[in-house]
Amino acid sequence: MDYQVTVIGSGPGGYVAAIRCAQLGLKTAIIEKYDSLGGTCLNVGCIPSKALLDSSEHFHNAAHTFKEHGIDIPQPKVNLKQMIARKTDVVKQNTDGINFLMKKNKIDVFHGMGSFIDKNTIKVSGKEEKKITTEKVIIATGSKPASLPFIKIDKKRVITSTEALELTEVPKHMIVIGGGVIGMELGSVYARLGAKVSVVEFLDSIIPTMDSTMGKELQKSLKGLGMDFYLSHKVTAVEAKGKEVTVTAETPKGEKIDLKGDYCLVSIGRKAYTEGLGLEKAGVKVTDRGLVEVDGHLRTNVDNIWAIGDVIKGAMLAHKAEEEGVFVAETIMGQKPHINYNLIPGVVYTWPEVAAVGYTEEQLKDQKKEYKVGKFPFKALGRARASGDTDGLVKVLADKQTDEILGIHIIGARAADMIAAGVTAMEFRASAEDVSRMSHAHPTYMEAVKEACLAATDNRPIHM
Ligand code: FAD
Ligand code: NAI
C-alpha cells in the first residue's frame, strides 16, 4: 500500500486528522480538490468572515463610537475593495500556513477530486490522474450551502455566504433568508457598512438553537444597528430581475408580503458534501439526510474507513471537526480518545458576541431537570462601562441539588474568548460556587461570569 492513512478533504477536520496521524508515525496523504488547502473554514468560512467582521467593526466604531471616546475624525468612508483585499490576504496567510504544516509533518498533498475505486484505492482526478492505495481512509469532505427547491442561487443577486464574502459594493438592501449564524454574522457586516438588512426567519427566534435569552438579546442589539426582523415568516418565492430581488414570504397570519432589495443572502443551513466521492464503490452508507453514517467511534460501515466533521452528524463547527480528526487518528493507533459533545462551545461573532456551552434552559426543561438560573448584566460591570460595551449578560444554569454548572450562555463583548473558561469549568464539573470562589482579575469581563455564578449559587451577586 502507498499509504497507511489517506485523508480526503483538507478542512479543519481533514488537515488536523492528517497532522495527528503523522505525529503518531503513520505514513499519511491528504487529497484536496481545490488548489488551496484549509477547506470551507479557511477559504470561505470562519477566517474570511471574521476578517470582514473585524474590518466592519472598526468602521462602525470609527463612524459611531470614536466621538464619545473623545476622538474627532472626519466622517469615515468605506473602501470595500480594500476590505475584501485584506480579507483575501488574511485567507492566504492562513492557507499558506497549512501548506507549511503539511511539509513540516511530511504529509503528501494531492490536489484533485478524490473518489473511491474500492475501499483501499482512491483515484485523484486533478491536472494529472493518480491512483493511491491506502490501508485506511478518513473522509473529511465537509459541506456546501443548502437552498430551497424554488430558489435559484444565481451567485450575483441571490447569493450564499461564499459570494457575500466577495461583494464589490455595499448592498442598499440585503434580504437575508435564515436568522442563523451566517445570517447574523454576515448580515451585521453589511449593516455596519451602511446597508439596510432585513432578516426573514421561519422560526419565532433568531439563532434558534441557542438559549432563547441569547436570541432575544441579540435581536435587540442588532435592531439597534438598524437590522429588521421578520420572524415566523415562511419564504415562498425569490425572484431576481436585473438588479432587483423580490422575496415573498407568508406572515404568521397567512398573509403575503413582498420584500424588495438588491441582494438576497440565502443562509438556511448547510448540507453534507459527498458528490463525486464514489462512496458506493467502497460500499459506504449514507443516512437519509445525505450524511456519511458513522458509529460511536466515527467508523463507517466499512471497517477501514472513518468520517469526520461537517459530512457526519452533529454541529457543523470547525473545532468539532478538529476534535474528531484527532479522535480518529488516535483511534486508528489503538488509543482510547473521548469527545464530550455536550461541551463543544458555540459562538456567534456578532457584536455583541454570543457564546455558549452545555445545556440551554429549553433543553433542561425538556429533560425535566431541576435547575437554578444566575444572571448578570454587563451594564453593571465596571470594565464594560469603561469600554462602552454594556450590551448583554451572562446566564449560568446550575443543577438545583448539586450546584454543578449545566450551561453557560454569554452575550457581550469578548464572549467568544470568555467561553473557554466555561468549558474548562464544566470539563472539571465545577459547581457555580466553585467558580464564584475563584479570584477573577478586576476589572475584566470575566467578572460577569463570577457574578452570574454567585447569582446561581445563592442569589448573592456582589455588584447587583
Ligand atoms: P470543510 O472545511 O468543508 O472542508 C472539506 C474540504 O474537502 C474542502 O476543502 C473540499 O474542497 C474538500 N473536498 C470535498 N470533496 C472532496 C473530494 N471528493 N476530493 C478532494 N477534496 C474534497 N465554524 C466555526 O467553528 N467557527 C466559525 O467562525 C465558522 N464560521 C463560518 C463562516 C461561514 C461563512 C461558513 C460557511 C462556515 C463557518 N463555520 C464556522 C463552519 C466551518 O467552516 C465548518 O464547520 C468546517 O469548515 C468543517 O470542516 P470540515 O473539515 O468538516 O469540512
Ligand atoms: P443555521 O443552521 O445556523 O441557520 C439557519 C437558519 O435558517 C435557522 O434559523 C432556520 O430556522 C432558518 N431557516 C431554515 N429554513 C428556512 C426557510 N425556509 N425560511 C426562513 N428561514 C429558514 O445555518 P447557517 O446560518 O446557514 O450556517 C450554516 C452552518 O455553518 C451552521 O450550522 C453553523 O454551524 C456554521 N457556521 C458557524 C459559524 C460560527 O461558528 N460562528 C459561523 C457561520 C456558520
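Atoms within a ligand are numbered from 1 in the order they appear, just like the ligands themselves. Remember, it's a predicted structure, so these values are computed and weren't measured experimentally.
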**Fill in**
heavy-atom search around atom 7 (O) of ligand 2 in the protein gives Gly178 CA, 3.3 Å
**Request:** Mind jotting down which protein residues get a heavy-atom contact under 4.0 Å with ligand 1? Chain and number order, please.
**Result:** Ile8, Gly9, Ser10, Gly11, Pro12, Gly13, Gly14, Ile31, Glu32, Lys33, Tyr34, Gly39, Thr40, Cys41, Val44, Gly45, Cys46, Ser49, Lys50, Gly112, Met113, Gly114, Ala140, Thr141, Gly142, Ser143, Ser161, Ile182, Arg270, Tyr273, Leu277, Gly309, Asp310, Met316, Leu317, Ala318, His319, Ala321, Tyr349
**Fill in**
atom 38 (C) of ligand 2 sits nearest the protein heavy atom Val181 CG1, 3.4 Å
**Request:** Taking the six-membered ring of Tyr445 (Phe, Tyr or Trp), confirm whether the NZ or CZ of Arg414 is under 6.0 Å from its centre and within 45° of its axis.
**Result:** no
**Request:** State whether Tyr3 and Lys27 meet the cation-pi test: NZ (Lys) or CZ (Arg) under 6.0 Å from the six-membered ring centroid, and within 45° of the perpendicular axis.
**Result:** yes
**Prompt:** Going by distance alone, is a donor N or O of one side chain under 3.5 Å from an acceptor N or O of the other, for Lys271 and Ser143?
**Reply:** no
**Fill in**
re atom 33 (C) of ligand 2, the protein heavy-atom contact at minimum distance is Met316 O, 3.7 Å
**Asked** Among all protein non-hydrogen atoms, which one is nearest to atom 30 (O) of ligand 2, and what is the separation to 0.1 Å?
**Response** Arg270 CD, 3.7 Å
**Message:** Using a 3.5 Å cut-off on N or O atoms only, is Phe202 in polar contact with ligand 2?
**Reply:** yes
**Asked** Evaluating non-hydrogen atoms only, which member of Gly179, Ala318, Gly183, Gly180 is closest to atom 1 (P) of ligand 2?
**Response** Gly180
**Ring-face cation contact, Tyr273 with Lys144, 6.0 Å cut, 45° max** = yes
**Prompt:** Which one of Ile206, Ile268, Val354, Thr40 has a non-hydrogen atom at the shortest distance from atom 15 (N) of ligand 2?
**Reply:** Ile268
**Item:** Within-cut-off N or O pair, Ile182 and ligand 2, under 3.5 Å
**Value:** yes
**atom 2 (O) of ligand 2: nearest protein contact (heavy atom, Å)** = Gly269 CA, 4.1 Å
**Matching residue for Glu169 among Lys243, Lys81, Arg157 - test: salt bridge (Lys or Arg N to Asp or Glu O under 4.0 Å)** = Arg157
**Asked** Tell me, which protein residue and heavy-atom name are nearest atom 18 (N) of ligand 2, and how many Å apart are they?
**Response** Leu148 CD1, 3.3 Å
**Item:** Protein contact of atom 11 (O) of ligand 2 - nearest heavy atom, named by residue and atom, plus distance
**Value:** Glu201 OE2, 2.6 Å
**Message:** Among all the protein's non-hydrogen atoms, which is closest to atom 39 (C) of ligand 2, and how far away is it?
**Reply:** Val347 O, 3.4 Å
**Asked** N/O of Tyr349 under 3.5 Å from N/O of ligand 2, yes or no?
**Response** no
**Asked** Does some non-hydrogen atom of Ala315 fall short of 4.0 Å from ligand 2?
**Response** no
**Asked** Considering residues at least two apart in sequence or located in another chain, which fulfil the side-chain contact (heavy atoms from CB on, under 4.5 Å) criterion with Leu148?
**Response** Phe150, Ile151, Ile268
**Prompt:** Do the rings of Tyr230 and His233 sit parallel, tilted or perpendicular, given the 30° and 60° boundaries?
**Reply:** perpendicular
